[in-house]
Amino acid sequence: MNLLGQPLDRVDGLMKVTGDARYAAEFPEARLAHAVLVTSTIASGKIASIDASRAEALPGVLLVMTYQNAPRLPNGGKPALAPPAGRHLTLLQDNEVHYSNEPVAVVVADTLERAADAARQVRIVYQPGSAALDFDAAKPQMHAPDNPQGRETDTRRGSFEDGMRGGDVHIDATYTTPIEHHNPMEPHATMAHWDGPQLTLYDSTQGVSGAAQAVAKTFGIPTSDVRVIAPLIGGGFGCKGSSWSHVSLCAMAARQTGRPVRLALERPQMFGPVGARPRTEQHFVLAARRDGTLTAMRHDSISNTSMIEDWTETCCMVTRMLYAVPNQITTHRLVQLNVGTPTFMRAPGETTGSFALESAMDELAAALHMDPLALRLKNYADSDPQEHKPWSGKSLRECYQIGADKFGWSRRPATPRSMRDGNTLIGMGMATATYPANRSDASALARILPDGTAMVASGTQDLGTGTYTVMTQVAADALGFAPENIHFALGDSTLPRAPVSGGSQSAASVSPAVRDAASQARNQLIALALADPASPVHGLALDDVTVENGWVVSRSQPGKRDPAAAIIARAGGQPIEASATAKRGDEKQKYSFHSFGAVFVEVHVDAELGTIRVPRVVAVYDVGRVLNRKTANSQMIGGLVWGIGAALEEESTLDTRYGRFTNANLAEYHVPVNADIGTLDVTFIDQPDPYINSLGVRGIGEIGITGVVAAIANAVYNATGVRVRDLPITLDKVMHTTPV
Ligand code: MOS
């Protein structure tokens, strides 16, 4: 029985489609009170006065919490953990306003409707200050961030100037991407319940342990006094990787009212207080010899942050590692705006950075009259050119080859705007996908129960990605049990600690711990049976027995077999339990860990209207071993769909007078619908990474969105002869630009 890789159906699927699944805002609680956030209507300044009397007088209203009456927090509510582990939050400790839609009050009532009504009756008078809302106007004051997310701010290798002189063809282009907001189906939601000094939070979070720690630090209480529970998450994508203001505000309101309090963000409140992908402006300079050999590359990335915290979209990370260019400069700079602090959003830096890099490479190929895929192969990096380490594994050549064959890349017209079907211009484009393979320490426990089933657990999360399902497979495989006899538990900070489900690291981090714990429990079960004179397998050699479908069986005499329940019953009925922690070794010192892929796209552009359709995408990925072909395929399809949205539709439009996003809803914030999506053909190389962990598993959450945006931009160029460097690629940009 080898379950790894099998396309097992989601173990949580039935519960979800039948409505049994409970999300953070759906747990019943006696005496539950409901909180609604009031948010600022100015982008900068101070609260001059608050009149809460009308709201407070309404029936059922329990509390109007503002900076005037909110409990004082240690250190003024400033983060006790360095960002992004602890964010600079708005916890009603002063009257400052830093962006529009910033929380300024929390209204609590006995029903949600009464709280929502009262929230609209809180009268706030502001004293507006001057706000920085125009990216270009604020750009002269940009600053260098301090090692963003632990990465180098700037890098320099070789001599860029020599490389420029050594090139025959040069590209100099600037690419821009807009502010975007994560909008998982389930908005952020928290329910807080105090029991004496102990706080329980039902919170939609990508990291139960991190959330417990961040909230405990905010309140100045022991982390052991905070329990965070998140069995299911309706999408995360990075916005739920940090604990934002509403989590602690909910806990403050619960403490103040002496009742359990639920706070769910309204959809427009997703546009500001809980992170965003920032605007980026990326300047690329490339130089290459006539044969396509890159001699110099420069990438200067500017992105916006807020007034209260530096957060950098690390666009240059891909540029540093993808091509074997000897002479390179990369820089990151930040522009401060009066908007909410940006944060991780699916492949943060790689989504935006790969758009710019892979567009610039396509522009270089055009200037060289070279096939874009041949240009990439010419500059293929056989080892990490920045870190000077071998790759732990890189099957990108195979990805290119298989993808090109499946797609029919050889049929791509070399001349732009030369393939046409009536009024439809047809174009083909490609780009490289890549994302780092991350891993952190993680723990798990496995318990074989007296009824012959097993409970396996780790304090990890399932964002809707399939963690329950793949960990059930890993546990079942290691135990020798049927998957339906495994109950996998996660999403509780009291379980063995696992990292935040961010950076595509959960599968790579948690699966080795689950495997170790389950293997140990299996070994204990075998030992118990072999030592028991009453067992049919008593006295057999250790290497003659295995566990199949929950039975200890002899390999040589299959008739000799003993079920787990009987073994445990004879031994006194106590569960067999094992726990394990899987830690990183020194492999990161020796190897560079990345996943890779190749994305090929066909676009159809209406020659007169400029409308763009994407009838088919072929994508091939090297992501190490695939744990479940079905959920992995779904992950990649999700990434490709989001990439299509990022290329063609997605944009938060900022009103530069008032600082609000004008499309803060799901009607005007455009994302693809089913009718926008054609064929998405995903292939995995499925080659275990020999160095990352005992299973050869890398993560797959984020690579799916990388590369696809550039592949579409490049296909639009091939179809129309118009190079769009400013996302999203809307029809006006295709219509109103002279072909280049
Ligand atoms: Mo991912 S953007 O690290 O949740």
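One-based numbering, in listed order, for ligands and for the atoms of each. Because the structure is predicted, anything quoted here is derived from the model rather than measured.
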Practice prompt. Report the C-alpha distance between Thr312 and Arg151 in whole Å, list the side-chain angles of each, state the deciding distance to 0.1 Å, and finish with yes or no for side chain to side chain donor-acceptor pair (under 3.5 Å).
Written response: CA-CA 10 Å; Thr312 308; Arg151 280 82 168 263; over 6 Å; no

Which pairs of nitrogen or oxygen atoms, taken one from ligand 1 and one from the protein, are under 3.5 angstrom apart?
unit_1	atom_1	unit_2	atom_2	d
ligand 1	3 (O)	Gly503	N	2.6
ligand 1	3 (O)	Glu702	OE2	3.4
ligand 1	4 (O)	Gln206	NE2	2.8
ligand 1	4 (O)	Gly238	N	3.0

Fill in: side-chain contact (heavy atoms from CB on, under 4.5 Å) partners of Thr472, counting only residues at least two apart
Val11, Pro483, Ile486, Phe488

Practice prompt. Determine the interplanar angle of the Tyr669 and Phe271 rings, folded into 0 to 90°, and report it as parallel if under 30°, tilted if 30 to 60°, perpendicular if over 60°.
Written response: perpendicular

Worksheet item: What salt bridge (charged side-chain N to carboxylate O under 4.0 Å, His left out) pairs are there with at least one residue in residues 621-637, not counting sequence neighbours?
Response: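 Residue pairs passing salt bridge (charged side-chain N to carboxylate O under 4.0 Å, His left out), neighbours aside: Asp9-Lys630, Asp622-Arg698.
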
Practice prompt. Output all residues satisfying side-chain hydrogen bond (donor to acceptor under 3.5 Å, both in side chains) with Ser209, sequence neighbours left out; order by chain, then residue number.
Written response: none

Discussion item. Testing Thr341, Thr218, Thr343 one by one against Arg87 for a side chain to side chain donor-acceptor pair (under 3.5 Å), which residue passes?
Written reply: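 In the set Thr341, Thr218, Thr343, the residue that makes a side chain to side chain donor-acceptor pair (under 3.5 Å) with Arg87 is Thr343.
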
